[in-house]
S.K.: 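Please find one structure pasted underneath; my questions will follow.
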Amino acid sequence: MEKTFRILRYDPEKDQEAHFQDYKVPYEKGLTVLEGLYYILENLDATLAFRSSCRAAICGSCAMHINGQYRLACRTQVSALNSDLITVRPLSHLTILKDLVVDLKPFFDNYKKIEPYLQPEKAEPAKEFTQSEKERGKIDKLVDCILCAACYGSCPVASTNPKYLGPQALVAALRFINDSRDGKTQERLAIVANDEGIFRCHTIFNCQQVCPKDIDPTNAILKLRGKSFMSKLTGKI
Amino acid sequence: MRKKNQLVKLYDDFTLNFNTGTIAWLLHRVTGVLLLVYFLMHAFVIGSAVHGHVNFDTALAKVQTPFFHILEIGLIGVIFFHLINGVRLLIIDLTGLSKAHKVLFWIFMAALVVFMAYTARMILTNVLSEAGGSLK
């Protein structure tokens with residue numbers, strides 16, 4: 001049995017516009033979309049470009065639009081798509097460099113804006129900062145983000161305003177705000193509580209729908225709104 | 001590659017993320033624009049009163065026709081959708097029930113259908129009785 005992979009191709013050196021190209025890939029039980037792409041690369045067309053690394057949904061390299069939704073190609077079983085036609089496109093809202101490879105610079109630039117590293121206020125302990133189970137629980141789901149940019153690609157607001165921090169950066173902001181070891185809560189809230197941060201979100205829920213790690217960025221944004229509201233009210237930001 | 005304009009980008013986003021959240025968001029936008037158009041017309045009709053009651057009566061008579069009464073069914077639908085979707089977003093915003101957004105959407109859409117069936121029947125009955133007919 002064969003499956004047809006319909007892939008959006010674009011070579012900036014040759015093509016004026018992106019176009020779809022079909023490939024027939026032999027199907028066997030357990031075939032993932034990423035394995036299908038590797039089959040094409042190794043057997044049918046060596047010019048196909050895509051990103052991947054771990055093949056285990058850890059690195060976040062292979063996020064792309066597959067049959068109606070942004071997904072990780074490595075963890076998407078072809079059988080689960082219930083279709084003989086697998087349509088693959090690159091992430092939206094980012095410039096296509098070649099085929100399925102996009103320029104992630106705007107995504108990472110937004111991520112850098114929220115200063116994604118611990119900034120403790122207390123003096124550094126001799127050995128390490130300790131966290132109770134309860135404190136760790138507050139960042140449990142949030143630390144799972146693998147920066148795949150599926151949420152950014154799915155968010156229509158990111159399309160209308162590239163300066164919008166985007167779901168991923170806002171999840172990361174809440175991750176550090178909730179972290180008991182971090183001491184820059186108000187400074188972080190000041191970074192996100194503006195019209196290029198939490199107030200630009202239109203609560204469309206696409207980010208929640210597509211997150212391969214089942215993080216709920218919309219909920220993170222709602223929590224940040226609540227926290228920034230209280231901080232504004234008490235004059236902290 | 002040619003740069004896409006904003007409308008094409010929005011169309012792409014809509015087709016690539018065809019789910020309840022996107023549908024609700026797009027309908028909220030469209031109904032918002034329609035409401036703006038309606039409010040401009042409404043202000044024009046009501047504003048005619050500043051030129052005297054004759055002008056006001058003339059302007060009002062133009063929209064008191066069966067055609068406009070039937071359009072009112074659509075207007076009420078637009079208002080009701082914009083209203084209940086706004087309430088849905090407020091509920092989610094204030095309670096953090098983000099995972100319940102699809103359930104809330106379908107509950108509110110069911111309420112919209114029931115409300116619109118009742119509204120359409122009421123308006124059509126009035127329009128027909130004015131024209132000398134009946135729904136029965």
Side-chain angles (χ1 to χ4, degrees), chain A residues 8-19 64-70 87 89-93 95-98 102 150-151 153-162 167 198-199 201-210 214-227 229, chain B residues 1-36 78 80-112:
Chain A
L8 195 76
R9 304 290 314 266
Y10 174 67
D11 183 343
E13 290 178 3
K14 286 195 299 190
D15 302 326
Q16 292 286 318
E17 290 294 324
H19 60 279
M64 47 191 82
H65 190 273
I66 303 162
N67 280 24
Q69 190 167 313
Y70 294 90
T87 308
R89 301 161 191 261
L91 291 171
S92 295
H93 314 148
T95 309
I96 302 175
L97 297 176
K98 188 173 186 290
V102 292
C151 56
S154 74
C155 178
V157 185
S159 150
T160 56
N161 187 350
I198 49 177
F199 299 118
C201 170
H202 288 285
T203 336
I204 304 168
F205 299 104
N206 284 348
C207 50
Q208 182 201 82
Q209 176 98 13
V210 301
D214 203 25
I215 303 168
D216 185 352
T218 316
N219 194 270
I221 294 168
L222 300 182
K223 283 186 176 145
L224 285 172
R225 280 181 187 161
K227 284 177 189 291
F229 175 73
Chain B
M1 196 156 52
R2 200 171 55 219
K3 280 205 163 184
K4 290 177 180 175
N5 76 36
Q6 209 56 52
L7 272 178
V8 175
K9 280 190 199 173
L10 285 176
Y11 175 76
D12 282 352
D13 273 326
F14 183 66
T15 50
L16 295 178
N17 302 282
F18 193 71
N19 52 53
T20 50
T22 317
I23 295 166
W25 167 70
L26 198 74
L27 283 176
H28 202 78
R29 291 265 144 156
V30 171
T31 52
V33 172
L34 290 174
L35 282 177
L36 181 69
V78 163
F80 196 69
F81 177 84
H82 203 79
L83 173 86
I84 58 170
N85 194 51
V87 170
R88 167 180 159 268
L89 293 178
L90 270 178
I91 290 171
I92 292 165
D93 228 332
L94 295 175
T95 61
L97 289 171
S98 52
K99 288 276 184 188
H101 77 95
K102 284 184 188 173
V103 176
L104 282 172
F105 178 79
W106 290 116
I107 290 173
F108 283 10
M109 283 307 101
L112 176 76

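In what follows, chains are A, B, ... by sequence order, proteins preceding strands, each numbered from 1. Since the model is a prediction, treat every value here as computed from it, not as a measurement.
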S.K.: At a heavy-atom separation under 4.5 Å, does A/Asp216 approach chain B through its side chain, its backbone, both, or neither?
M.R.: side chain

S.K.: Can you say whether B/Lys102 sits under 4.5 Å from chain A via the side chain, the backbone, both, or neither, judging by heavy atoms?
M.R.: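 Just its side chain gets close to chain A.
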
S.K.: Quick check for you: to the nearest 0.5 Å, what is the distance between A/Arg89 atom CZ and B/Asp12 atom CG?
M.R.: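 The CZ atom of A/Arg89 sits 7.0 Å away from the CG atom of B/Asp12.
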
S.K.: Out of A/Gln69, A/Lys223, A/His93, return the one with the most heavy atom pairs under 4.5 angstrom to chain B.
M.R.: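 Among A/Gln69, A/Lys223, A/His93, the one with the most close pairs to chain B is A/His93.
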
S.K.: Testing the basics here: between B/Asp13 and A/Pro156, what is the closest heavy-atom pair and its distance to 0.1 Å?
M.R.: OD2-CA, 3.4 Å

S.K.: Check the pair B/Leu10 / A/Thr160 against side chain to side chain contact (heavy atoms under 4.5 Å, CB included), numbers first and verdict last.
M.R.: CA-CA 8 Å; B/Leu10 285 176; A/Thr160 56; 4.2 Å; yes

S.K.: Taking all non-hydrogen atoms of both residues into account, name the closest pair between A/Ser159 and B/Lys9 and its distance.
M.R.: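 Looks like OG-CD, 3.5 Å.
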
S.K.: List the steps and the verdict of side chain to side chain contact (heavy atoms under 4.5 Å, CB included) for B/Asn17 and A/Gln209.
M.R.: CA-CA 9 Å; B/Asn17 302 282; A/Gln209 176 98 13; over 6 Å; no

S.K.: Taking atom CZ as the centre, does B/Phe14 end up with more than 12 heavy-atom neighbours from other residues, nucleotides or ligands that are less than 6.0 angstrom away?
M.R.: yes

S.K.: Can you tell which part of B/Asn19 gets under 4.5 Å to a heavy atom of chain A, answering side chain, backbone, both or neither?
M.R.: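 The side chain, not the backbone.
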
S.K.: Within this structure, what is the OG1-CG distance for the pair B/Thr20 and A/Asn206, rounded to the nearest 0.5 Å?
M.R.: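 Going from the OG1 atom of B/Thr20 to the CG atom of A/Asn206 covers 9.0 Å.
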
S.K.: Run the numbers on B/Arg29 and A/His202 for side chain to side chain contact (heavy atoms under 4.5 Å, CB included), then give the verdict.
M.R.: CA-CA 10 Å; B/Arg29 291 265 144 156; A/His202 288 285; 2.7 Å; yes

S.K.: Side chain from CB out, backbone as N, CA, C, O: work out which of these in B/Leu16 comes under 4.5 Å of a heavy atom of chain A, or both, or neither.
M.R.: both

S.K.: For B/Ser98 and A/Asn219, which heavy atoms make the closest approach, and how far apart are they?
M.R.: OG-ND2, 3.0 Å

S.K.: Tell me, for B/Ile92 versus chain A, whether the close heavy atoms (under 4.5 Å) come from the side chain, the backbone, both or neither.
M.R.: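 The answer is both parts of B/Ile92.
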
S.K.: If you draw a 6.0 Å radius around CZ in A/Phe199, do more than 12 non-hydrogen atoms from other residues or ligands fall strictly inside?
M.R.: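 It does: A/Phe199 CZ has more than 12 such atoms within range.
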
S.K.: If you measure from OG1 on A/Thr218 to CG on B/Asp93, what distance do you get to the nearest 0.5 Å?
M.R.: 10.5 Å

S.K.: Over 60° means perpendicular and under 30° means parallel, so tell me whether B/His101 and A/Phe205 are parallel, tilted or perpendicular.
M.R.: parallel

S.K.: With a 4.5 angstrom heavy-atom cut-off, which part of A/Ser92 approaches chain B: side chain, backbone, both or neither?
M.R.: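 For A/Ser92, the side chain is the part near chain B, not the backbone.
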
